Amino acid sequence: MAWKLDLNRYCERHRFPVGVLGGAYILGIAFLDYATGTEVSLTVFYLPAIALFSWYYSRPYGISAAILSTLLWFYGDFLGGRWSAHPAIAYWDGSALLGFFLAFSMTLQNLRLRFKKQQELMITTQRVSAEIQKIADMQSQFVSTVSHELKNPLGVIRESMSLILDKLAGEVSGEQRKILEMGKNSAERLIRLVGDLLDLSKIEAGKMKLRPEDMDLGILVTDVLKIYANEISKKRIVLQKEIPPNIGLLWGDRDALIRVVINLVNNAIKYTPEGGCITIKLTGSAREVRCEIADTGPGIPKESFAKLFNKFERVMVERQEGTGLGLAISKDIIELHKGKIWVESEAGKGSKFVFILPRS
């Protein structure tokens with residue numbers, strides 16, 4: 001491909017010497033035709049010169065080269081002292097050859113036009129892609145900068161409200177406590193959103209570096225379930241666990257995978273009604289570990305599967321708090337581990353999120 005592009009550039013930059021060379025080539029072939037006569041036909045050797053003029057010059061040049069080649073062939077091969085059995089045969093052969101040369105020239109010219117359009121389209125596409133990537137990088141940088149600037153003030157607001165709620169600044173009435181708890185919960189939600197945005201911007205910028213180690217996914221899931229034990233109990237959710245004690249080790253980033261399991265368990269609790277059931281199942285093979293987290297919530301329509309793991313997408317029927325980034329981040333983390341994640345669900349029949357991680 002490189003030599004082809006170089007040849008294109010050379011011919012387009014040196015049109016005159018290339019044209020002279022093409023014309024000399026046609027004359028040379030005509031002389032050989034004259035010298036060899038009808039015994040040795042060199043008709044096919046006119047085609048490279050016709051191709052040269054048809055491809056690198058305008059349409060009239062290609063047609064002229066075809067006509068010139070036909071005339072020279074005619075005079076060189078038949079009228080150069082070597083007539084065929086009847087003159088009509090020579091004129092018939094010349095007309096057929098002219099038609100062939102013209103068709104060859106026109107075909108090449110059409111191909112050249114298509115080739116140029118494809119080149120222009122490719123260049124335009126590359127420019128648009130570069131602009132889109134530039135805008136995406138600027139957006140990611142902006143989100144990262146703003147998130148960094150918001151994280152510390154929000155942390156201060158949350159801790160200040162916690163101190164007031166702990167009565168370190170004096171007594172707090174029942175109504176004041178209610179308002180402060182609402183403010184603290186909102187601040188915590190904003191902090192989670194900022195954290196999600198920071199993680200997402202790192203992943204999109206390729207700056208999220210995994211710190212893999214030998215780890216047991218069964219222990220990790222069990223630790224996450226301990227965090228949510230109180231919330232599961234409050235909603236009277238039945239928790240069914242199928243976690244083999246000897247699931248085996250895999251090579252992964254513990255902190256990143258904790259984030260994935262927390263997102264999936266949190267969603268399962270959020271959308272499971274009181275008295276519902278959550279099932280967590282782990283299975284392992286020699287090459288991979290599979291984790292399934294199923295709930296008895298409202299389920300997800302199949303037409304929503306495609307956008308479920310997109311950023312800021314909320315496809316659940318019930319209105320629930322959330323950033324809409326948890327599943328997108330989980331998908332990115334699983335794919336960084338060379339794994340897969342998907343959902344199995346039907347509207348009204350609950351949901352099951354499944355991810356698979358390779359052991360190495």
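Predicted model only: the values in this text are computed from it and were never measured.
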*Asks:* Scan residues 216-231 for pairs that pass side chain to side chain donor-acceptor pair (under 3.5 Å), counting only residues two or more places apart or in two chains.
*Replies:* Asp223-Arg254
*Asks:* Is there a donor-acceptor pair closer than 3.5 Å between any side-chain N or O of Asn266 and the backbone N or O of Ile262?
*Replies:* no
*Asks:* Would you mind writing out the side-chain donor-acceptor pairs for residues 168-175 within the sub-3.5 Å range, not counting sequence neighbours?
*Replies:*
from	atom 1	to	atom 2	distance (Å)
Ser173	OG	Gln176	N	3.3
Ser173	OG	Gln176	OE1	3.2

*Asks:* Donor-acceptor pair, distance only, cut-off 3.5 Å: does the side chain of Arg259 make one with the backbone of Gly326?
*Replies:* no
*Asks:* Please name the residue in the list Asn263, Asp332, Asn267, Ile341 that meets the side-chain contact (heavy atoms from CB on, under 4.5 Å) test with Leu327.
*Replies:* Asn267
*Asks:* Per the salt bridge (Lys or Arg N to Asp or Glu O under 4.0 Å) rule, what does the pair list look like for residues 342-354, sequence neighbours excluded?
*Replies:* Glu292-Lys352, Glu344-Lys352, Glu346-Lys349
*Asks:* For the hydrophobic clusters of this structure (ILVMFWY residues joined by side-chain heavy atoms under 4.5 Å, transitively), does one cluster hold both Ile179 and Ile164?
*Replies:* no
*Asks:* Between Thr296 and Gly350 (side chain of the first, backbone of the second, donor and acceptor by atom type, cut-off under 3.5 Å), is there such a pair?
*Replies:* no
*Asks:* Hydrophobic cluster membership, with links at side-chain heavy-atom distances under 4.5 Å among I/L/V/M/F/W/Y: are Ile50 and Leu113 in one?
*Replies:* no
*Asks:* Mark yes or no for whether Ser233, through its side chain, and Ala229, through its backbone, hold a donor-acceptor pair below 3.5 Å.
*Replies:* no
*Asks:* Which atom pair, heavy atoms only, marks the closest approach of Leu98 to Ala66?
*Replies:* CD1-O, 4.1 Å
*Asks:* Any heavy-atom pair between the side chains of Phe353 and Cys291 that's under 4.5 Å?
*Replies:* no
*Asks:* Decide whether Val156 and Leu190 are clustered together by the hydrophobic rule: side chain heavy atoms of Ile, Leu, Val, Met, Phe, Trp, Tyr closer than 4.5 Å, transitively.
*Replies:* no
*Asks:* Gly299 and Ser351: which non-hydrogen atoms are nearest, and at how many Å?
*Replies:* CA-OG, 3.5 Å
*Asks:* Can you confirm whether Ile280 sits close enough to Glu242 that some side-chain heavy atom of one is under 4.5 Å from a side-chain heavy atom of the other?
*Replies:* no
*Asks:* Distance-only, no hydrogens or angles: does the Ser304 side chain make a donor-acceptor pair with backbone N or O of Ile300 under 3.5 Å?
*Replies:* no
*Asks:* By side-chain hydrogen bond (donor to acceptor under 3.5 Å, both in side chains), which residues pair with Arg236, not counting sequence neighbours?
*Replies:* Glu274
*Asks:* If every non-hydrogen atom of Ala256 is compared with every non-hydrogen atom of His337, which pair is closest and at what distance?
*Replies:* CB-CE1, 4.3 Å
*Asks:* So, Ser105 versus Gln109: side-chain donor-acceptor pair below 3.5 Å or not?
*Replies:* yes
*Asks:* Decide yes or no for Leu249 and Met215: does some side-chain heavy atom of the first lie under 4.5 Å from some side-chain heavy atom of the second?
*Replies:* no
*Asks:* Specify the closest pair of heavy atoms between Ile157 and Ala187, including all atoms of both residues, with the distance to one decimal.
*Replies:* CG2-CB, 4.4 Å
*Asks:* Measure the spacing between CZ of Arg112 and CD of Gln119 and express it to the nearest 0.5 Å.
*Replies:* 6.5 Å
*Asks:* Just verifying a value: how many Å separate Leu264 CG and Ile334 CD1, rounded to the nearest 0.5 Å?
*Replies:* 8.0 Å
*Asks:* Does one hydrophobic cluster hold both Phe115 and Phe104, with members joined at side-chain heavy-atom distances below 4.5 Å?
*Replies:* yes
*Asks:* Just wondering, do Gln240 and Ile278 contact through their side chains at under 4.5 Å, heavy atoms?
*Replies:* no
*Asks:* Tell me who clusters with Ile356, hydrophobic residues only, linked when side chains sit under 4.5 Å apart either directly or through other members.
*Replies:* Trp342, Val354
*Asks:* Decide side-chain contact (heavy atoms from CB on, under 4.5 Å) for Lys235 and Ile269; before the verdict, give the C-alpha distance in whole Å, the side-chain angles of both, and the deciding distance to 0.1 Å.
*Replies:* CA-CA 8 Å; Lys235 291 187 72 172; Ile269 295 172; 4.2 Å; yes
*Asks:* Val289 vs Thr283, test: side-chain contact (heavy atoms from CB on, under 4.5 Å). Steps then yes/no.
*Replies:* CA-CA 6 Å; Val289 177; Thr283 54; over 6 Å; no
*Asks:* Check the pair Asp214 / Leu250 against side-chain contact (heavy atoms from CB on, under 4.5 Å), numbers first and verdict last.
*Replies:* CA-CA 6 Å; Asp214 281 329; Leu250 61 86; over 6 Å; no
*Asks:* Under the side-chain contact (heavy atoms from CB on, under 4.5 Å) criterion, do Phe355 and Val261 qualify, and how do the steps go?
*Replies:* CA-CA 10 Å; Phe355 66 85; Val261 177; 4.2 Å; yes
*Asks:* Looking at CZ of Arg290 and OG of Ser285, how far apart are the two atoms once the value is rounded to the nearest 0.5 Å?
*Replies:* 10.5 Å
*Asks:* Check whether any side-chain heavy atom of Ile258 lies under 4.5 Å from a side-chain heavy atom of Asp253, and answer yes or no.
*Replies:* no
*Asks:* Measuring from Asp166:CG to Glu159:CD, what's the distance to the nearest 0.5 Å?
*Replies:* 9.5 Å
*Asks:* Return the minimal non-hydrogen interatomic distance between Thr272 and Cys277, and the atom names on each side.
*Replies:* CG2-N, 3.7 Å
*Asks:* As a quick check of understanding, evaluate salt bridge (charged side-chain N to carboxylate O under 4.0 Å, His left out) for Glu335 and Lys331, giving each step before the final call.
*Replies:* CA-CA 6 Å; Glu335 289 180 349; Lys331 180 176 181 288; 2.8 Å; yes
*Asks:* If hydrophobic clusters are built from ILVMFWY residues whose side chains come within less than 4.5 Å, do Val265 and Val238 share one?
*Replies:* no
*Asks:* Under the side-chain contact (heavy atoms from CB on, under 4.5 Å) test against Val221, which residue among Val224, Leu217, Ile219 passes?
*Replies:* Leu217
*Asks:* To the nearest 0.5 angstrom, please state how far the CD atom of Glu181 sits from the OG atom of Ser162.
*Replies:* 10.0 Å
*Asks:* Mind listing the closest non-hydrogen atom pair of Trp251 and Ser360 along with its distance?
*Replies:* CB-CA, 4.1 Å
*Asks:* If the condition is salt bridge (charged side-chain N to carboxylate O under 4.0 Å, His left out), which residues does Arg211 pass it with, not counting sequence neighbours?
*Replies:* Asp255
